[in-house]
Amino acid sequence: PSKLKGDGFEIAGEYENVQDRLVEDFDFPESTLIVVFNKEGKQTEEEFNKRITDVLSEIEESTDTAGIQSPLDHDSQYAGHVAYAAIEYDQEIDDMSGNVEKVRGITDSYEDVMLTGEAVISEDLNEASMHDLKLAEMIGIPVALLVLLAAFGSLVAAIVPLLIGGISVVISLGILTILGDHLNLSVFLLNVAPMICLALSIDFALLF
């Protein structure tokens with residue numbers, strides 16, 4: 001999983017070129033986290049501003065930020081009962097896992113404070129992909145074993161396709177681990193590779 005850092009939505013084109021140019025020539029941050037503050041109904045303006053200050057101070061102390069754009073300094077980041085702050089970092093999205101975890105720990109300790117941003121979405125996709133893989137294995141493999149038992153009428157014959165599929169999964173993920181050092185691989189490979197390996201082994205066993 002540590003090799004599968006791409007979320008699968010990167011497209012080589014004008015947008016990516018512009019982003020690279022902004023970072024290299026205009027000192028734009030590599031990554032930005034967005035902290036959204038929602039003002040409670042009974043909360044005064046002073047209390048709301050204090051909460052914003054407290055959260056941003058904790059984030060600045062806990063992580064190595066490149067800059068913080070606070071809604072208290074920029075009116076355009078304040079609209080009605082909602083405000084947002086932009087937390088800037090000189091790290092690429094794939095290296096933001098530690099900062100995302102620290103900032104999420106801070107925002108989760110406050111009510112009506114939420115965290116988002118490209119790095120957060122990428123991190124959540126990675127976790128969801130790993131969770132889905134475990135869930136698919138827990139449900140899919142027992143069901144496949146029952147189907148194979150019904151088809152072959154023998155436990156040994158039913159286990160062989162799953163065994164071959166398991167070996168294929170290990171080999172495939174091993175190859176992808178090596179390729180991951182040189183290529184940007186999507187996190188969805190964690191689901192697709194085992195699915196294809198098991199599906200092909202079971203299908204060909206039934207075909208034979």
Side-chain angles (χ1 to χ4, degrees), residues 1-132 184-191:
S2 63
K3 303 286 184 180
L4 306 177
K5 297 178 179 178
D7 55 22
F9 298 111
E10 294 90 352
I11 300 174
E14 290 184 2
Y15 173 79
E16 186 176 346
N17 294 335
V18 170
Q19 290 299 112
D20 292 340
R21 187 71 181 272
L22 289 172
V23 171
E24 292 170 6
D25 298 342
F26 296 95
D27 295 325
F28 268 57
E30 289 273 3
S31 304
T32 302
L33 300 183
I34 305 297
V35 180
V36 181
F37 303 89
N38 187 33
K39 184 180 176 184
E40 298 172 3
K42 298 179 181 179
Q43 198 172 37
T44 64
E45 195 77 18
E46 291 76 16
E47 290 173 338
F48 185 51
N49 291 343
K50 184 179 183 303
R51 183 172 57 170
I52 293 174
T53 303
D54 291 344
V55 172
L56 297 183
S57 295
E58 283 191 45
I59 292 173
E60 190 171 20
E61 291 173 5
S62 301
T63 61
D64 188 17
T65 62
I68 295 179
Q69 303 292 329
S70 171
L72 302 180
D73 301 324
H74 302 275
D75 293 338
S76 59
Q77 295 174 211
Y78 216 125
H81 295 288
V82 180
Y84 79 90
I87 318 297
E88 301 170 349
Y89 293 91
D90 288 330
Q91 291 176 299
E92 293 185 2
I93 290 174
D94 291 342
D95 301 322
M96 283 288 292
S97 179
N99 286 324
V100 169
E101 186 178 347
K102 290 177 182 177
V103 176
R104 198 196 296 270
I106 294 170
T107 56
D108 287 349
S109 64
Y110 289 86
E111 289 187 10
D112 294 322
V113 179
M114 294 157 286
L115 180 65
T116 187
E118 192 174 353
V120 178
I121 294 171
S122 182
E123 188 73 14
D124 288 345
L125 280 172
N126 202 339
E127 289 184 14
S129 184
M130 287 187 283
H131 174 268
D132 289 347
N184 183 21
L185 301 178
S186 170
V187 296
F188 296 115
L189 279 176
L190 197 60
N191 302 98

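Bear in mind that the values here come from a model prediction, so they are computed numbers and not experimental data.
- Interatomic distance, Ile68 CD1 to Ser57 OG, rounded to the nearest 0.5 Å: 7.5 Å.
- Atoms NZ and CD, from Lys50 and Glu46 in turn, are 12.0 Å apart once rounded to the nearest 0.5 Å.
- Nearest heavy-atom pair, Ala85 versus Ser70, reported as atom, atom and distance to 0.1 Å: CB-CA, 4.5 Å.
- Applying the 6.0 Å contact sphere to CG of Asp73 captures more than 12 heavy atoms from other residues, nucleotides or ligands.
- Asn49 is listed as a side-chain neighbour of Tyr78, based on a closest heavy-atom distance under 4.5 Å.
- Heavy atoms of other residues, nucleotides or ligands lying less than 6.0 angstrom from CD of Glu101 number 12 at most.
- Atom NE2 of His74 is surrounded by more than 12 heavy atoms from other residues, nucleotides or ligands within 6.0 Å.
- The residues Lys39 and Glu45 are annotated as salt-bridged, a charged nitrogen and a carboxylate oxygen being separated by less than 4.0 angstrom.
- Rounded to the nearest 0.5 Å, atoms CG (Leu190) and NE2 (His131) are 13.0 Å apart.
- The shortest distance between side-chain heavy atoms of Asp124 and Arg104 falls below 4.5 Å.
- Here OG1 of Thr63 is found 10.0 Å from CD of Glu61. Values are rounded to the nearest 0.5 Å.
- Checked by atom type, the side-chain pair Ser97/Glu123 shows a donor-acceptor distance below 3.5 Å.
- Residue Tyr89 comes nearest to Asn99 through the heavy atom pair CD2-ND2, 3.6 Å, listed as atom of the first residue, atom of the second, then distance.
- Taking each heavy atom of Glu60 and Thr65 in turn, the nearest pair found is CG-OG1, 4.2 Å.
- A heavy-atom distance below 4.5 Å is not found between the side chains of Ile87 and Val103.
- Contact of the Val35 side chain with the Tyr84 side chain is not registered, since no non-hydrogen atoms from C-beta on lie closer than 4.5 Å.
- Summarising the geometry, atom CG belonging to Asp54 is positioned 11.0 Å from atom CD1 belonging to Ile59; distances are rounded to the nearest 0.5 Å.
- A donor-acceptor contact shorter than 3.5 Å links the side chain of Gln77 to the backbone of Gln69.
- Under a 3.5 Å cut-off, the side chain of Glu88 and the backbone N or O of Thr32 do not form any donor-acceptor pair.
- Annotation: side chain of Phe37 is in contact with side chain of Leu56 (closest heavy-atom distance under 4.5 Å).
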